[in-house]
Amino acid sequence: MRAPRLMAMLLTGIVALFATGPVLAFNWTANGSFKYQDREFDQNGFTGVTPALPIRFAKVEVRFKQGGGTQLLATGATDGNGNYSIDVLNDSTVRDIQIRVLTASGIPDLFLQVTNVNGSKVNYAVTTGFFLAHQPNQNLNAGNFTGLIGAGAEAFNIYDVGLNSIEYLKFLNGTRPGSSQELKLQWESFGGVFVNSYLGTNVVQVSDFSPYNDTVIQHESGHYAIYNFAASDSPGGTHHLTNCNQDLRLAFDEGYATYFGQSVRLHFGLSHPQLYVKTTGAAGAGNLDFYFDVEDEDPFTCKGGASEVTVYSSLWDIVDTASTPDDSPGIEETWDAMGSGGTLIWDVMRNYLPSAPAKSVEDFWDGWFIRNEGSLGSMITLFGKHGMDFKHDLAEPNEASGTALELPNNGLPFHASYFKDLGNGAGGIDQDFFKFSTIVGQVYKVQTTSLVGDANTSLSVISTDGTTVLLSNDDRSALDKSSLITFTAPTTGVYFVKSFHGPGWGIYGSYDISVTGTPLQQGSGTNTPAAGVSVSRRIADVGGATPASGNPLGGFSEGDVDQN
């Protein structure tokens, strides 16, 4: 009889223990969703369409009113659709409940936040109203709440743009960037920031008027991607799309950042992925500041690797296909046979560029083939369309006087490039030899023109022996990297020209070279006709001249030379 009684007492004690402990405290769940109001755009600026988009993977707080403020009760996160469900434990008090979502990550492997610019950096929040006298044994459905334009939506659009860049990096790398690579975006409506920029150390600063300039923000996230996973030698500073002769390193860094931002939009199937659009940020439709099309190079057009325009257009042409949802869906240029999806470009950026000597589009080209990405013929065609001749010119092989190409001395230019194919598509240092025929005492002008892609030419005129340098010129002037040599031939014969790349960050590029011979001056003398030829010359009498036959405007006729 004692055993059943003892068991009953034991069970009673266990029940009493749990009745007074935290396990049986009232639990409830808060659920709902958060969205923010977006502003769609096209090449004319804002379209006026403002859809509500989910606030994804953001931190959510359940708070209760206390005094003049609130206190934290529980935390959670939205999912990819902006929904949340948060269990509140150990709450046994009737409270006034409020729920808010922050511009900060709510999941463990996402390191992303948006803060203000000045003073203490704090996250933005969109907050529900209070749910009064909430009973702790009842779940709370807070419903759907949308942050509106002018009332919190701006910061969450910046957060969403940053999230897209992080998720694209996850696609490329396999994982999201780690805690030491947290992307921190700063914006403030009156923050005194008027230029969008990447400040280094994972910080992107968004100008006061750019919270909805998605492509501008994603461009800056491209710099963040380079900083953390590739490398850059860019000197930074001011850069302009109209400048077709930038520092090669700057051109590649800025061009790649633009490409990265647009490829994020392409990857997620967002509208107009080929359009980079900057608005004034003002309310309502329109308000365009400027735009450009990375597919068509419209309205900015350049040639060669010293332009960010040609860099982003070339990289874009590698990844886009006929299925790209641009302004010509289903259509692709006949010369563009590429479509790598971006993973090959990223492989070069991450696994080759950090060791490259100068980190320009020339290094990217070499890295593409050193990393065995392939498609040599298609790449030559594609880059050639953008003025980058990463191939042998028609004079090759001409790296010595013995294989020099002969140039006419009539001034017609020959198009050449400083590119030596090492056998796998990658290039090396190239020098070009040319030759031209002379007449003793005649003056010749040897020059380079139409330099493309930082092709800083240097010229030497070499004697008929093929080795003795007679004259040299590097730069035509302090502001002109082309070359000019005026040469008076000491003998009749064949002379040589050596052309090689002068000092600079690049070793490739293309140029035109020509030789112009100045005719010998004719002195006074007599002209004796050949035997058997009679010459007559009729000059009309000015005083009694008659108009030339068939000339309605009148005038005077002069007889042709008659040869009988």
Side-chain angles (χ1 to χ4, degrees), residues 233-235 243-252 302-307 310-311 314 356-370 380 383-384 386-405 407 413-435 446-462 466-467 469-485 496-515:
D233 284 335
S234 173
N243 184 358
C244 297
N245 193 30
Q246 297 170 315
D247 183 299
L248 279 176
R249 303 163 300 164
L250 174 66
F252 184 73
C302 288
K303 285 187 175 182
S307 162
T310 52
V311 169
S314 299
K359 299 169 183 57
S360 71
V361 71
E362 296 181 0
D363 300 279
F364 174 84
W365 176 272
D366 292 342
W368 179 275
F369 295 102
I370 291 171
I380 287 175
F383 275 72
H386 295 285
M388 288 176 276
D389 293 331
F390 297 148
K391 62 177 182 177
H392 285 164
D393 59 47
L394 296 178
E396 295 292 346
N398 66 330
E399 293 192 318
S401 58
T403 56
L405 175 74
L407 297 175
F414 176 84
H415 186 67
S417 68
Y418 291 129
F419 186 85
K420 180 180 180 181
D421 193 327
L422 298 180
N424 62 347
I429 295 174
D430 181 40
Q431 62 182 14
D432 297 324
F433 277 81
F434 304 92
K435 59 185 178 181
V446 183
Q447 64 178 328
T448 58
T449 55
S450 303
L451 276 55
V452 177
D454 195 40
N456 177 15
T457 60
S458 286
L459 293 181
S460 296
V461 171
I462 298 174
T467 59
V469 175
L470 302 178
L471 293 170
S472 296
N473 178 250
D474 182 11
D475 299 336
R476 186 183 298 245
S477 70
L479 300 177
D480 189 344
K481 296 295 185 180
S482 67
S483 306
L484 170 64
I485 295 176
F496 300 90
V497 178
K498 178 183 177 182
S499 173
F500 57 97
H501 204 297
W505 293 106
I507 60 172
Y508 305 150
S510 61
Y511 62 97
D512 289 348
I513 185 169
S514 64
V515 177

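On a predicted model such as this, the values are computed, not experimentally measured, just so you know.
- Proximity of a side-chain donor or acceptor of Ser417 to a complementary backbone N or O of Gly509 within less than 3.5 Å is not detected.
- The minimum heavy-atom distance linking Ser234 with Arg249 is given by the pair CB-O, 3.9 Å.
- Ring geometry for Phe419 versus Trp365: interplanar angle over 60°, hence perpendicular rather than tilted (30 to 60°).
- Contact record, Gly384 with Asp389: CA-OD1, 4.5 Å, taken as the closest heavy-atom pair.
- Distance alone, capped at 3.5 Å, places no donor-acceptor pair between the Asn398 side chain and the Asp432 backbone.
- Of all non-hydrogen atoms in Phe434 and Ala416, the two that sit nearest each other are CZ-CB, 4.2 Å.
- Smallest separation of non-hydrogen atoms from Ala455 and Ser510: CB-O, 3.4 Å.
- At least one donor-acceptor pair closer than 3.5 Å links the side chain of Asp366 to the backbone N or O of Gly427.
- Here the CG-CD1 distance, from Leu459 to Ile485, works out to 5.0 Å after rounding to the nearest 0.5 Å.
- A cation-pi arrangement is absent between Lys498 and Phe496, since the terminal nitrogen or guanidinium carbon is not both under 6.0 Å from the aromatic centre and inside a 45° cone about the axis.
- Taking NZ of Lys435 as the start and OG1 of Thr403 as the end, the distance is 9.0 Å to the nearest 0.5 Å.
- Taking OG1 of Thr457 as the start and CG of Asp512 as the end, the distance is 10.5 Å to the nearest 0.5 Å.
- Minimum interatomic distance between Tyr418 and Ser458 (heavy atoms only, all atoms of both residues): OH-N, 4.0 Å.
- At most 12 heavy atoms of other shown residues, nucleotides or ligands fall within 6.0 angstrom of atom CD1 in Ile429.
- Annotation for Lys303: atom NZ does not count as buried by contact number, only 12 or fewer foreign heavy atoms lying within 6.0 Å.
- Looking at Lys359 and Asp233, a side-chain N of the basic residue comes within less than 4.0 Å of a carboxylate O on the acidic one, giving a salt bridge.
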